[in-house]
Amino acid sequence: MTDAILTTTDLHKRFVTGSGLVGASTTIHAVNGVSLSVNKGETFAIVGESGCGKSTLARLLLRLLDPSEGQVVYDGQDLTKLPAAAMRKLRSQMQFIFQDPFSSLNPRMTVEAIVGEPLLIHTKLNRKQRREKVADLLRKVGLRPDYADRYPHEFSGGQRQRICVARALASGPKLLIGDEPVSALDVSVQAQIVNLLEDLKDDFGLTLIIIAHDLSVIRHMADRVAVMYLGEVVELATTEELFQSPRHPYTRALLTAIPVPMPGGRGPMAALGGDIPSPANPPAGCKFHTRCPHATDICKTTHPALDTNGKHQTACHHWQDLPAMGSDAVATAPRSAATEARFALYRDAASKAAAQ
Ligand code: SF4
């Protein structure tokens, strides 16, 4: 489990918006110099708040988006240089599960047509063989084979996500990337899908990359975690190390904010004040300094590089001087009304889930 299946080197993605005759354009730095390596057979998680660039990074990994700079190497091949035809061929090995199982399934196609589509594109199976394979895949994801004749609207959110997983598995992938694969689902269904992905990973010999905003989702399934803030990786470690000895103040805030499913419990990022700054105008120095309770003058002017020596990597000038987790003070800047409203909604949902 030590060979890299996927590596990125100094990967950047910039979006330019609003350019026109008037000349006012804005450049959004969605992904900024990300270098990481995912090993064969591991579950690698990428976590961070909404807007931190993790979903853009996931799309760059499969070249669903082209990078502005940098390299993505999959199984020895530089994806950024592959011609479109070669990339299409390789896609059968690299599949994506989207966040929203409602909009990612064509409502006019039956389950058989949806799950069988990759078989039609990537294999030479005849209709009968495809039907048998679809039935087999449905069984593997915990659905009845006779569901093949039904349409997506006849299923619950969890069942639809299982159909999405079956479709992703149909082409026999080696790498599966799930972009928030459970966040659109009820809390009670999330664990079922997480368990399903873990089981399938072993059965199919997959490498999993899971994108999540909530550390609690990946705690029991990921081998390693990269924490992203404003387009950069600020900490990377094994899951055990990250949960036991988090170094970066942002990671500590994420851990403090793990939702407590009880009335009045904490919601996501409840411990971290302020809003994520705009990626169109990121702060100078350490991008986290506007929210960090440990920021000093150097943090405002000098960008801390990710220390890539060793397995536990951190981008912070002061992590070695920080108090142990627990006595750590968290940012006290006031949160915006929109953030407060999000927290209120979440607390509501958590209270209802706890009451069920
Ligand atoms: Fe906080 Fe400074 Fe570390 Fe950034 S470099 S996380 S501002 S202490």
Side-chain angles (χ1 to χ4, degrees), residues 10-13 28-36 45-54 56-57 211-216 218-219 222 224-258 266 268-336 339:
D10 200 20
L11 201 59
H12 291 256
K13 181 64 186 176
I28 295 178
H29 301 263
V31 172
N32 223 348
V34 170
S35 298
L36 49 80
I46 302 170
V47 300
E49 285 168 279
S50 298
C52 74
K54 56 192 188 304
T56 303
L57 176 60
I211 311 293
H213 65 271
D214 180 355
L215 274 165
S216 61
I218 52 91
R219 179 170 195 163
R224 290 190 301 146
V225 184
V227 179
M228 280 188 79
Y229 187 75
L230 267 187
E232 297 177 353
V233 172
V234 295
E235 186 159 4
L236 197 160
T238 63
T239 310
E240 194 183 354
E241 177 83 10
L242 193 97
F243 276 82
Q244 278 179 7
S245 314
R247 292 177 179 173
H248 197 282
Y250 179 59
T251 310
R252 291 165 170 234
L254 282 177
L255 285 169
T256 313
I258 284 179
R266 289 191 300 269
M269 305 313 294
L272 185 63
D275 285 320
I276 193 165
S278 165
N281 187 21
C286 172
K287 290 181 177 173
F288 189 54
H289 85 255
T290 54
R291 306 168 79 189
C292 179
H294 307 290
T296 61
D297 285 347
I298 191 177
C299 304
K300 294 173 189 163
T301 56
T302 308
H303 178 257
L306 187 70
D307 174 7
T308 52
N309 291 317
K311 289 185 177 162
H312 194 157
Q313 305 177 355
T314 318
C316 171
H317 294 302
H318 302 307
W319 72 264
Q320 280 152 313
D321 308 320
L322 299 183
M325 179 78 177
S327 57
D328 196 9
V330 292
T332 52
R335 294 192 293 261
S336 69
T339 306

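In each ligand, atom 1 is the first atom listed, and ligand 1 is the first ligand listed. Nothing fancy with the numbering, it's 1 onward along the sequence.
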Atom 2 (Fe) of ligand 1: the protein heavy-atom neighbour that sits closest, reported with distance to 0.1 Å: Cys299 SG, 2.3 Å
Relative to the heavy atoms of His248, which atoms of ligand 1 are at a distance of less than 4.0 Å? 6 (S)
Heavy-atom side-chain proximity of Lys311 to Arg224 below 4.5 angstrom: no
Could you check which of Ala295, Ala253, Cys292 puts a non-hydrogen atom nearest to atom 1 (Fe) of ligand 1? Cys292
Within the stated cut-off of 2.8 Å, is an N/O/S atom of Cys286 closer than that to atom 1 (Fe) of ligand 1? no
Do Pro279 and Asn32 come close enough that some side-chain heavy atom pair is under 4.5 Å? no
Is a donor on one side and an acceptor on the other found under 3.5 Å between the side chain of Ser35 and the backbone of Asp10? yes
Please tell me whether His248 and Phe288 form a close aromatic pair, meaning their ring centres lie under 6.0 Å apart. yes
Please tell me whether His318 and Thr296 have a donor and an acceptor in their side chains that are separated by less than 3.5 angstrom. yes
Counting backbone and side-chain atoms alike, is an N, O or S atom of Cys316 positioned under 2.8 Å from atom 3 (Fe) of ligand 1? yes
How far is atom 5 (S) of ligand 1 from its nearest protein heavy atom, and which residue and atom name does that atom have? His317 N, 3.3 Å
